[in-house]
Amino acid sequence: VQLQASGGGLVQAGQSLRLSCVASGGISGFKVVGWYRQAPGKQRERVAALTDGGSFEYADSVKGRFTISKDNAVNTVFLQMNSLKPEDTAVYYCNRYPYQSELWGQGTEVTVSS
């Protein structure tokens with residue numbers, strides 16, 4: 001399986017972005033899939049997770065603003081990010097949860113200006 005994230009960019013605070021992550025080997029076998037981010041100088045953190053049963057979990061910092069979803073038919077996981085803040089600036093990745101080191105792709109960069 002290879003995971004390729006896309007959809008990042010430069011936006012102003014308050015705007016929205018929708019990230020996509022395509023799994024070349026499919027995501028139907030992932031019991032839990034997650035979005036992670038790594039800000040400059042900080043450790044990578046999980047921001048959202050979605051189980052194959054449809055349960056969600058979000059980091060406190062993004063609750064109410066971010067929504068994770070997936071479409072098994074096109075092997076894609078999404079992250080809808082609304083009301084973006086400068087502190088959301090980071091490189092975003094998708095992976096299983098718990099993550100598998102070999103599945104980290106290049107990520108997609110999100111920059112939020114104030």
Side-chain angles (χ1 to χ4, degrees):
V1 175
Q2 288 188 329
L3 302 173
Q4 181 63 53
S6 63
L10 171 63
V11 297
Q12 292 186 329
Q15 293 186 324
S16 299
L17 280 174
R18 190 190 196 205
L19 306 184
S20 300
C21 177
V22 179
S24 62
I27 59 171
S28 58
F30 287 19
K31 285 197 174 294
V32 185
V33 64
W35 279 97
Y36 302 76
R37 68 185 180 188
Q38 187 167 20
K42 295 187 177 181
Q43 288 191 332
R44 196 170 299 181
E45 62 172 343
R46 189 191 69 183
V47 295
L50 174 61
T51 72
D52 57 359
S55 298
F56 305 91
E57 190 172 305
Y58 296 97
D60 288 343
S61 58
V62 307
K63 278 181 183 176
R65 300 188 297 120
F66 290 13
T67 303
I68 186 172
S69 61
K70 64 178 179 176
D71 186 339
N72 287 340
V74 292
N75 298 320
T76 303
V77 185
F78 303 99
L79 187 67
Q80 178 67 41
M81 306 188 297
N82 298 329
S83 303
L84 282 162
K85 303 177 180 180
E87 51 264 45
D88 294 319
T89 294
V91 178
Y92 285 72
Y93 308 83
C94 63
N95 204 320
R96 293 178 186 267
Y97 179 76
Y99 66 80
Q100 286 183 245
S101 297
E102 63 269 28
L103 295 182
W104 292 122
Q106 289 189 335
T108 186
E109 188 168 2
V110 173
T111 303
V112 185
S113 64
S114 57

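Just so it is clear, the model here is predicted, and its values are computed rather than measured.
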Subject >> 4.5 Å side-chain heavy-atom contact, Arg18 and Leu79 >> reply: no
**OP:** Work out which heavy atom in Val47 is nearest to a heavy atom in Val62; give both atom names and the distance.
**Re:** O-CG2, 3.4 Å
Original post:
If two hydrophobic side chains count as joined below 4.5 Å and joins carry through other members, does Tyr97 share a cluster with Phe56?
Top reply: no
**OP:** Please test Arg96 against Lys31 for side-chain contact (heavy atoms from CB on, under 4.5 Å), starting from the C-alpha separation and ending with a verdict.
**Re:** CA-CA 8 Å; Arg96 293 178 186 267; Lys31 285 197 174 294; over 6 Å; no
Subject >> Worked verdict on Val33 versus Thr51 for side-chain contact (heavy atoms from CB on, under 4.5 Å) >> reply: CA-CA 6 Å; Val33 64; Thr51 72; over 6 Å; no
Original post:
Taking all non-hydrogen atoms of both residues, which atom of Leu3 and which atom of Cys21 are closest, and how far apart?
Top reply: CB-SG, 3.9 Å
Subject >> Where Asp52 and Phe30 come nearest, the two heavy atoms and their spacing >> reply: CB-O, 3.9 Å
Original post:
Quick one: does Leu103's side chain get under 4.5 Å of Val1's, heavy atoms only?
Top reply: yes
Original post:
Looking at Tyr93, does the NZ or CZ of Arg37 lie under 6.0 angstrom from its six-membered ring centre and within 45 degrees of the ring axis?
Top reply: no
Original post:
Should we say atom CD of Gln2 is surrounded by more than 12 heavy atoms from elsewhere, each under 6.0 Å from it?
Top reply: no
Original post:
Under a single-linkage definition using a 4.5 Å side-chain heavy-atom cutoff for Ile, Leu, Val, Met, Phe, Trp and Tyr, are Val110 and Tyr58 assigned to the same hydrophobic cluster?
Top reply: yes
Original post:
Taking atom CD of Gln80 and atom OG of Ser20, what is their separation to the nearest 0.5 Å?
Top reply: 9.5 Å
Original post:
So, for Trp35 and Phe78, which heavy atoms are closest and what is the spacing to 0.1 Å?
Top reply: NE1-O, 3.2 Å
**OP:** Please name the pair of heavy atoms, one in Ser83 and one in Ser16, separated by the smallest distance, quoted to 0.1 Å.
**Re:** N-OG, 4.2 Å
**OP:** Indicate, with yes or no, if the rings of Trp104 and Tyr36 have centres closer together than 6.0 Å.
**Re:** yes
Original post:
Roughly how far, to the nearest 0.5 Å, is the OG atom of Ser24 from the CG atom of Asn75?
Top reply: 8.5 Å
Original post:
Atom OG in Ser61, atom CD in Glu45: separation rounded to 0.5 Å?
Top reply: 5.0 Å
**OP:** Return the minimal non-hydrogen interatomic distance between Val112 and Thr89, and the atom names on each side.
**Re:** N-OG1, 2.9 Å
**OP:** Mind checking the OH-CZ spacing from Tyr99 to Arg44? Nearest 0.5 Å is all I need.
**Re:** 8.0 Å
Subject >> Value rounded to 0.5 Å, distance of CG in Asn95 from CD in Gln100 >> reply: 6.5 Å
Original post:
Could you state the interatomic distance from OG1 (Thr67) to CE (Met81), rounded to the nearest 0.5 Å?
Top reply: 11.0 Å
Subject >> Chi angles and distances behind the side-chain contact (heavy atoms from CB on, under 4.5 Å) call for Tyr92, Gln38 >> reply: CA-CA 7 Å; Tyr92 285 72; Gln38 187 167 20; over 6 Å; no
**OP:** Identify which one of Leu84, Asp88, Leu10, Thr108 satisfies the side chain to side chain contact (heavy atoms under 4.5 Å, CB included) criterion when paired with Leu17.
**Re:** Leu84
Original post:
Do the side chain of Thr76 and the main chain of Val74 share a donor and acceptor less than 3.5 angstrom apart?
Top reply: yes
